[in-house]
Engineer: 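Below you will find the structure I want to go over with you.
First listed ligand is number 1; within each ligand, the first listed atom is number 1. When reading the values below, keep in mind they use all heavy atoms of this one structure, side chains included, and skip hydrogens, waters and symmetry mates.
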Amino acid sequence: MTDENLFHVAEEVRAALDAGRAVVALESTVISHGLPRPQNLETARRLEQAVREAGAVPATVAVLGGRLCVGLEDAQLSRLAEADGVLKVSRRDLPLAVARGEDGATTVAGTLWVASRAGLRVFATGGIGGVHRGQLPDVSADLPELARTPMTVVCSGAKSVLDLPSTREWLETYGVCVLGYGCDELPAFYTRRSGLAVDLRADSPADAARVARARDALGLEAALLVTVPVPEGFEVDESLMEESLSEALAVAAERGVTGRDLTPFLLAHMSWRSGGATLRANVALLENNARVAAEIAVALQN
Ligand code: PSU
Ligand code: MN
């Protein structure tokens, strides 16, 4: 099903897929571009561990030497975390990373494309991309990819740096069903609430699995988005969040930061400005989402 010259599926992942065991895809942009060193490598390892502890096999996705890799060795995780100049690979970057034989870290969009073609069904991330604030209609390729990829994607909503009401509308227009995992409001990444409603609440892995199965039975092509609030105790104080965000947005505008560089810039600036509070929240929610995704993946196999 996947061309072996283009794809490399790790032995453990291949065996789990063949045996019908639970597998969870993890993205790699968060490692190369979303988190600072050394927390990025520590977190990448912890996410894989969290998936294992919940009874599933982790499959971090990346492009290495131009090959689409599903499931990485520890040395490959280190390479993505420590090398400079790793490409940020969204859908439109896949052909150029392959053609040039480059190393690339896949975004939510890139990971969805690669993982679904390798036969994976469940994917955990921190926050999806969305509609950015500001004049230019900068819309993350994550959104259209979610609209055409029938995976279950576990996240903490869209990053607070985005225009959340517009992102929420976009998901509705393109038929992405949004579940609140133990919540009635769409989480806002660093904070637990956004004031925006989800489509349905799920309170257990079995609840979420039931909706994913119904989507599959109907043959609908869009992802099921399972949104999980950042764990209590790691939520970023609302006013600290707003202050660091408005400053980050202003500095980005002043320096002309746009395109693929915008999201990493905003995240890094906010982490610095909040004294690490946003970074701690980011790591905590990533780990929690990996665990929830693994529990859902296990429920889907039962
Ligand atoms: N969420 C995080 N950290 C990140 C990202 C999301 O907690 O680094 C990344 C994801 O890989 C997402 C990407 O797909 O940012 C969106 O970037 P853009 O807005 O350029 O599409
Ligand atoms: Mn963009």
Engineer: Please tabulate, for side-chain N and O atoms in residues 36-43, each donor-acceptor pair with protein atoms closer than 3.5 Å (sequence neighbours left out).
Structural biologist:
unit_1: R37; atom_1: NE; unit_2: A81; atom_2: O; d: 3.1
unit_1: R37; atom_1: NH2; unit_2: E82; atom_2: O; d: 3.3
unit_1: R37; atom_1: NH2; unit_2: A83; atom_2: O; d: 3.3
unit_1: R37; atom_1: NH2; unit_2: D84; atom_2: OD1; d: 3.0
unit_1: N40; atom_1: ND2; unit_2: I31; atom_2: O; d: 3.0
unit_1: N40; atom_1: ND2; unit_2: A81; atom_2: O; d: 3.0
unit_1: T43; atom_1: OG1; unit_2: Q39; atom_2: O; d: 2.6

Engineer: I'd like to know if the side chain of S28 reaches the main chain of A105, judged simply by a donor and an acceptor atom lying under 3.5 Å from each other, with no hydrogens or angles considered.
Structural biologist: no
Engineer: Heavy-atom cut-off of under 4.0 Å around ligand 1: list whichever protein residues fall inside it, by chain and number.
Structural biologist: E27, T29, V30, G34, K88, T107, V108, G127, H132, S140, D142, K159, F189, T263, L267, N282
Engineer: Distance only, no hydrogens: is a donor on one side chain within 3.5 Å (strictly under) of an acceptor on the other, for D138 and T258?
Structural biologist: no
Engineer: So, the side chain of H269 versus the backbone of P264: is there a donor-acceptor pair under 3.5 Å, distance only?
Structural biologist: no
Engineer: Evaluate side-chain hydrogen bond (donor to acceptor under 3.5 Å, both in side chains) for T125 paired with E27, printing each intermediate quantity in order.
Structural biologist: CA-CA 6 Å; T125 182; E27 60 146 316; 2.5 Å; yes
Engineer: Do R121 and D216 sit within salt-bridge range, that is, some charged N less than 4.0 Å from a carboxylate O?
Structural biologist: yes
Engineer: Strictly below 4.0 Å, N to O, side chains only: are R45 and D74 in salt-bridge contact?
Structural biologist: yes
Engineer: Enumerate the protein N/O/S atoms at a distance below 2.8 Å from the Mn ion (ligand 2), ignoring waters.
Structural biologist: D138 OD1
Engineer: How about L26 and V61: do any of their side-chain heavy atoms sit closer than 4.5 Å?
Structural biologist: no
Engineer: Under the 4.5 Å side-chain heavy-atom rule for ILVMFWY, direct or indirect, which residues accompany L220?
Structural biologist: L218
